[in-house]
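This report concerns only the one structure given below.
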2 protein chains.
Amino acid sequence: MANITDVAKLAGVSHQTVSRVLNDEGTVRPATRARVDAAIRELNYRPSAAARALVTRKTRMVGLITTGAPLYGPASTTLAFNEAARAAGYRVSIASMASADRAAMVSAVDVLLGQDVEALVLIVSDYAVFDALSGLDVTVPLVAAESSGRAGFHSVSIDQYSGARTAVRHLIDLGHREILHIAGPTGSVDAAERERGWRDELELAKLPVQRPFVGTWFPESGYTIGTDLIRRRALGASAATAIFSGNDQMALGVLHALTDAGLAAPDDVSIVGFDDIPEAAHFPPPLSTVRQDFTDLGARMMETLLSVLDGRPAVAAEHKAPELVVRASTAPPRS
Amino acid sequence: MANITDVAKLAGVSHQTVSRVLNDEGTVRPATRARVDAAIRELNYRPSAAARALVTRKTRMVGLITTGAPLYGPASTTLAFNEAARAAGYRVSIASMASADRAAMVSAVDVLLGQDVEALVLIVSDYAVFDALSGLDVTVPLVAAESSGRAGFHSVSIDQYSGARTAVRHLIDLGHREILHIAGPTGSVDAAERERGWRDELELAKLPVQRPFVGTWFPESGYTIGTDLIRRRALGASAATAIFSGNDQMALGVLHALTDAGLAAPDDVSIVGFDDIPEAAHFPPPLSTVRQDFTDLGARMMETLLSVLDGRPAVAAEHKAPELVVRASTAPPRS
DNA sequence: GCACGAAATGTGATCGCTCACATTTGCGTG
DNA sequence: CACGCAAATGTGAGCGATCACATTTCGTGC
């Protein structure tokens with residue numbers, strides 16, 4: 001592989017002039033620049049990122065820590081962030097963690113910091129992760145997709161709490177009085193925020209707050225919980241008439257359980273999801289849900305990152321409220 | 001930030017001894033090693049990846065090129081590959097491409113090669129990508145998740161063709177004679193392979209081969225196509241009795257269209273999907289589909305990569321056949 | 001045609017590590 | 001106790017770029 005000296009020799013200039021051409025620094029005569037460019041092409045030369053990073057102490061690389069599950073939300077956010085990062089000239093090194101425990105976190109951070117990333121980006125929203133983080137001394141800026149409002153890093157998010165309140169308010173407005181909640185896994189910040197929104201909205205309306213059911217985000221858990229509820233006659237006639245599901249996938253599981261029992265939404269039970277995954281509009285029935293704009297989130301994370309790296313104050317409006325999408329899974333209770 | 005010399009000074013040894021401790025090279029007395037380790041901890045020292053890469057010409061980093069859509073398959077494979085890479089001590093730099101055109105590809109490859117990745121991994125399976133690739137001179141090994149059997153790189157995959165044949169055979173065995181296909185987007189290698197499997201299996205059974213319908217992988221397209229088919233009375237009684245959908249999500253759209261029309265699977269139409277996403281078991285009705293083990297695929301990609309980097313021949317059994325999962329969306333045709 | 005300042009280009013040091021090789025230390029042996 | 005050899009440690013060069021500064025070239029006004 002050719003290096004800068006080879007190029008310089010071939011172009012008949014000094015290595016510094018080549019460097020100037022590479023970095024597009026002003027004072028190079030067009031003719032000289034052309035000669036250098038030609039030499040670069042001829043030798044198929046590519047500057048060594050390692051050598052550059054060594055001297056400039058800038059890698060233009062950010063580390064992305066993400067979850068181990070192939071869920072729609074994190075996957076979309078990650079993709080959007082990648083695009084935004086590349087557009088801004090940053091490279092992304094990724095470390096996905098199979099589990100959200102301390103050891104995995106330490107290892108992920110270590111690997112990334114060891115690459116001299118200029119910043120860390122977190123798309124895992126788990127309390128364990130933030131706890132682990134506070135023990136580490138991370139020397140680079142940190143941006144997290146997170147809405148609990150902790151300190152110690154920059155957080156950009158979609159406001160889970162307000163989204164949940166909107167969803168529950170929708171059910172209350174329809175006339176529902178007993179509204180159950182299927183929460184995401186314990187430890188998830190988003191799950192906790194959604195649960196808090198559900199609880200607060202119920203309390204505000206002076207409605208009964210049952211203990212929430214804990215799922216896994218996956219449809220299977222919604223199915224299991226739904227089946228169990230129906231068996232115990234806790235759902236449907238003379239019982240709970242609505243469910244706020246922590247995400248769309250678990251809502252699908254519940255819908256499946258309803259169908260199995262000869263029940264249907266919204267006739268017997270109204271159900272609201274969260275996320276608005278592409279499938280949600282095609283559930284039986286099409287699901288009312290809270291739409292999260294993950295693409296926008298990913299892009300905003302990068303914006304914030306750039307601000308922070310530039311030493312500018314982080315941009316405002318970091319916690320956007322999501323929007324309720326009403327479809328066919330919600331209706332007034334049958335009375 | 002401390003460097004190797006600082007550590008050496010603090011530990012009272014030479015920089016070379018520190019280097020030996022870092023790289024775990026034999027000849028260091030335990031007592032010395034301990035002093036060095038203590039110094040490293042005290043200074044919170046981390047070796048510079050850039051400096052290392054500069055001298056060793058090894059970055060222990062692989063470049064991952066992936067698609068722009070947050071689909072379950074690629075997302076799962078990517079995750080699994082990440083895990084496997086980290087376990088093997090490799091870092092992963094990711095470049096996702098918004099579109100699968102030549103320009104995006106060139107840019108992605110450039111960015112990654114510019115980082116001195118030791119290999120490239122492709123989890124986009126698009127003809128355009130492979131075409132673009134053949135024009136570039138990629139100087140590092142390339143591993144692709146791809147099953148068309150092109151030359152020029154190492155390919156690891158799940159056998160899409162055989163999966164499709166299995167799915168269609170299942171429908172034929174049930175007694176279906178007119179089996180439509182909703183294909184994935186034009187340009188997708190997997191879509192083409194699945195279509196080819198469908199076609200070949202029909203031809204083998206001397207059954208009519210209609211022109212396939214082209215979807216986007218997303219449920220919406222299945223819904224549109226399904227609605228259209230029903231309106232044209234091309235589906236259901238005295239018409240096609242079965243559909244082989246290119247993936248599960250589009251199958252969901254078709255199911256939705258059936259429901260809208262007062263029809264149902266499998267009574268009116270049998271339907272088989274592809275992928276076995278976590279939602280598939282909870283579709284109305286639970287979907288018969290072809291299960292792909294993406295986790296295994298990601299892991300196998302990394303294995304192959306390691307073999308190639310070590311100069312060993314790539315491992316055998318690179319194209320596994322997927323497995324049919326029969327659920328409730330398929331049954332013999334009515335009458 | 002010469003002086004002068006700006007534009008263009010060149011020179012050598014340096015980033016933090018590993019490599020190849022040189023030197024010192026420790027320890028069993030005659 | 002000196003010797004020799006292996007184990008342990010040290011020394012200096014060099015990877016390929018940028019940085020700071022030095023030098024040359026060019027264009028302009030008098």
Side-chain angles (χ1 to χ4, degrees), chain A residues 1-40 43-61 89 91 110-111 113-118 139, chain B residues 1-40 43-61 89 91 110-111 113-118 139:
Chain A
M1 199 61 200
N3 64 21
I4 200 170
T5 313
D6 300 331
V7 174
K9 221 168 279 173
L10 183 61
V13 297
S14 76
H15 60 127
Q16 179 60 8
T17 298
V18 177
S19 172
R20 274 188 271 259
V21 170
L22 290 173
N23 297 288
D24 218 25
E25 273 168 25
T27 64
V28 177
R29 225 176 322 182
T32 312
R33 180 182 301 267
R35 278 213 316 288
V36 171
D37 279 333
I40 287 174
L43 296 174
N44 196 17
Y45 166 79
R46 225 187 282 274
S48 150
R52 262 188 180 161
L54 184 59
V55 55
T56 60
R57 293 148 173 291
K58 292 214 172 284
T59 51
R60 288 191 81 70
M61 178 148 75
R91 276 155 254 147
D110 249 36
V111 165
L113 288 185
Q115 281 173 89
D116 307 318
V117 295
E118 293 180 23
T139 48
Chain B
M1 201 59 199
N3 65 21
I4 201 171
T5 313
D6 299 331
V7 173
K9 222 168 279 174
L10 182 60
V13 296
S14 75
H15 60 124
Q16 179 59 8
T17 298
V18 176
S19 172
R20 274 188 270 259
V21 170
L22 289 174
N23 297 288
D24 219 25
E25 274 168 25
T27 65
V28 177
R29 224 176 322 181
T32 312
R33 179 183 302 268
R35 278 212 319 287
V36 171
D37 279 334
I40 287 174
L43 295 174
N44 195 18
Y45 166 79
R46 225 185 283 275
S48 151
R52 264 190 180 161
L54 186 58
V55 54
T56 60
R57 292 146 176 292
K58 291 212 172 285
T59 52
R60 288 190 81 70
M61 178 147 76
R91 276 156 253 147
D110 249 36
V111 164
L113 288 185
Q115 281 172 91
D116 308 318
V117 296
E118 294 181 23
T139 48

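In what follows, chains carry the letters A, B, and so on, assigned in the order in which the sequence lines appear, proteins first and then strands, with residues in each chain numbered from 1.
- The distance from atom NE2 of His15(B) to atom P of dC21(C) is 16 Å, rounded to the nearest whole Å.
- Contact annotation: Ser48(B) side-chain N/O to dC15(C) OP1/OP2 distance is not under 4.0 Å.
- Two residues are said to be in side-chain contact when any heavy atoms from C-beta on lie closer than 4.5 Å; Pro47(B) and Ile4(B) fail this criterion.
- Ranked by how close their nearest DNA chain D nucleotide is to the 5' end, Ile4(A) and Arg35(B) are led by Arg35(B).
- In this structure, Thr56(B) reaches the sugar-phosphate backbone alone: every heavy-atom distance under 4.0 Å involves primed, P, OP1 or OP2 atoms, never a base.
- Straight-line distance from the NZ atom of Lys9(B) to the P atom of dG10(D): 14 Å, rounded to whole Å.
- The pair Asp110(A)-Arg46(B) counts as a salt bridge, with a side-chain nitrogen and a carboxylate oxygen less than 4.0 angstrom apart.
- Contact annotation: Asn3(A) side-chain N/O to dC15(D) OP1/OP2 distance is not under 4.0 Å.
- Across the protein-nucleic acid pair, Leu54(A) atom CG and dC15(C) atom C1' stand 4 Å apart, rounded to whole Å.
- In this structure, Asp24(B) pairs ionically with Arg33(B), as a charged nitrogen and a carboxylate oxygen lie closer than 4.0 Å.
- At a cut-off of 3.5 angstrom, counting only N and O atoms as typed in the model, there is no donor on one side facing an acceptor on the other between the side-chain of Arg29(B) and the base of dG26(C).
- With hydrogens and angles ignored, no donor-acceptor pair under 3.5 angstrom links the side chain of Arg57(A) to the base of dG16(C).
- In this structure, the CD atom of Glu25(A) is 13 Å from the P atom of dT9(C), given to the nearest Å.
- To the nearest angstrom, C1' of dC17(C) lies 14 Å from CZ of Arg20(B).
- Across the interface with DNA chain C, nearest-nucleotide mapping of Gln16(A) and Pro30(A) shows Pro30(A) to be the residue nearer the 5′ end.
- Paired with Glu25(B) under the rule side-chain contact (heavy atoms from CB on, under 4.5 Å), one option of Thr27(B), Leu22(B), Asn23(B) passes, and it is Asn23(B).
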